[in-house]
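Quick note on labels: first sequence line is chain A, next is B, and so on, each numbered from 1.
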There are 2 protein chains.
Amino acid sequence: MGGDTIPTQTFLNLDQDKKDRIINAAMDEFSNNQFEHAKLSNIVRAAGIPRGSFYQYFEDKYDLFYYIFELVKDKKMEYLSDLLPNPEDKPFLVLFEELFTAGTRFAIENPRFVKVFSHVIDSKGEIYDQMVKTSLEYANTYYVDYIKNDQAKGRLRSDIDPYVFAKIVIDLTLNVSLDEFGISVEELDYDKMKQRITQIISIIKHGVTKGDANV
Amino acid sequence: MGGDTIPTQTFLNLDQDKKDRIINAAMDEFSNNQFEHAKLSNIVRAAGIPRGSFYQYFEDKYDLFYYIFELVKDKKMEYLSDLLPNPEDKPFLVLFEELFTAGTRFAIENPRFVKVFSHVIDSKGEIYDQMVKTSLEYANTYYVDYIKNDQAKGRLRSDIDPYVFAKIVIDLTLNVSLDEFGISVEELDYDKMKQRITQIISIIKHGVTKGDANV
DNA sequence: CTCCCATATGACACCCTTGTCACATGGATA
DNA sequence: TATCCATGTGACAAGGGTGTCATATGGGAG
């Protein structure tokens, strides 16, 4: 019975310590390697369980990854969920700054999670299609509507293509926030990131040109 | 003799047709797969040469990839090299727009090349470190200096961190120019891209805020 | 003709992975 | 103690990749 939970009931029955060891080992492997390069052999060795046991807990490698990736998404949602409902019609740039900040905080506080995430983003393979493509497309339309709304209210220049702007915003959050030349996620520092966000928002908001009113 | 050219002399001696078949097959495989997932078996099959012959032409898979990647870089340089010397002290934003446009033209006219390139960018592995990291770091400092110079001349806001701005510029050229949700490099259209570039430059230049002079 | 060297060839050895399976273990229950 | 069921276990089959090597081929030189 209960044969179609994603991890098996057997896994859920495990004592917490063993579960933690497995999750930990998987997290390590998946944060250091893309899915296809992650090796079950490493995971079972690091977790200190026999290979055979693993297959009592999960269907296969993909199944494990799916489980881990859900953990990552859930964690990220903890950081973002308060911001998204948007009851009081915040300007888009305010929402953007809040999301950007929350996302950065998530990255700093959960570096391994972010690395798992980044591998999927970069992979652009099946896993990407199945696990994040839809979310990003959703974010895109969400942003586009938001931007159009702000344009209608005169908060944003109406000659800007909402799709292009939304794409920039998403790319910035995905890339700029997470890495820097030679600096890995583990070494991020909150104050520095906060400054960077302020800078980025300022550029997006006012542009880089000096003393120049916009068109 | 000549034992340390990258492809062997034997390869260089091959008749053009056979060379082309090999390069073509390699290009196909490397544009559809990251290095580690690219299969020599596919390449030799597509090129119509026996497996053993391949090892008379190249040291190994990595060697072949290196050769192919050089071809890609050379091709890209054909598009960019005129712009980089910068004799007449162009404003940074003008240079940026020119590079962006040239890069886009390269992408549209050589989609397979771009895909090879993107795989490396996304891989963030050894290949990335060896083949593009240095170039990107170089580009970064080049931009930073350029930006500082423009700031000194009052063309750009001096409260902007040149490093952050340079990073944004590089990320935009690497990501925004190349893909879009659901649109692969093969389907890019020049006019559409030109519009997008104009939009992006405009946002960077003046910001997105309506009727708002900058700080 | 035959010798020589560059080149061609594909079966094969080797490596490393994943997922399986027949068997072991152990605690609860009667 | 006997039995049962969940769980543990690691040797192993199968698959799929790369690079090698013993052997074939073929054109030019003597």
Round to the nearest Å and state the distance from B:Asp63 atom CG to D:dG19 atom P. 10 Å
Is any side-chain N of the basic residue among B:Lys19 and B:Asp15 closer than 4.0 Å to the acidic one's carboxylate O? no
Please find out if less than 6.0 Å separates the ring center of B:Phe117 from that of B:Phe113. no
Between B:Gln56 (CD) and D:dT25 (C1'), how many Å, whole number? 12 Å
Please confirm whether the ring centroid of B:His37 lies under 6.0 Å from the ring centroid of B:His119. no
Select one nucleotide: of D:dT18, D:dG8, C:dG19, the one nearest the side-chain heavy atoms of A:Leu40. C:dG19
Protein-nucleotide distance (A:Asn33, atom CG; C:dT17, atom C1'), rounded to Å: 14 Å
To the nearest angstrom, the CZ-P distance between A:Phe54 and D:dG8 comes to 13 Å
For atom OH of B:Tyr55 and atom P of D:dG17, their distance in whole Å: 12 Å
Is the shortest side-chain N/O distance from A:Tyr57 to OP1 or OP2 of D:dT7 below 4.0 Å? no
Mind checking if A:Phe11 touches a base, just sugar-phosphate, or nothing, with heavy atoms under 4.0 Å? nothing
D:dT7 OP1/OP2 closer than 4.0 Å to side-chain N/O of A:Lys18: no
Measure the distance from CG on B:Leu12 to C1' on C:dA6 and round it to the nearest whole Å. 15 Å
Does a side-chain N or O of B:Asn13 approach OP1 or OP2 of C:dA6 to a distance below 4.0 Å, or not? no
Could you tell me how the ring of B:Phe165 sits relative to the ring of B:Phe92: parallel (under 30°), tilted (30 to 60°) or perpendicular (over 60°)? perpendicular
What's the closest nucleotide to the A:Lys39 side chain, out of C:dT17, D:dT9, C:dT9? C:dT17
May I ask you to check whether A:Tyr67 and A:Phe11 place their ring centers less than 6.0 Å from one another? yes
A:Glu36 atom CD is separated from C:dC16 atom C1', nearest whole Å, by 17 Å
Pick base, sugar-phosphate or nothing for A:Thr10, based on heavy-atom distances below 4.0 Å to the nucleic acid. sugar-phosphate
Whole-Å distance between D:dG19 C1' and B:Arg51 CZ? 7 Å
From the list D:dT9, D:dT18, C:dT9, which nucleotide is the closest neighbour of the side chain of B:Pro50? C:dT9
Would one find a side-chain N or O of A:Ser41 under 4.0 angstrom from OP1 or OP2 of C:dT18? yes
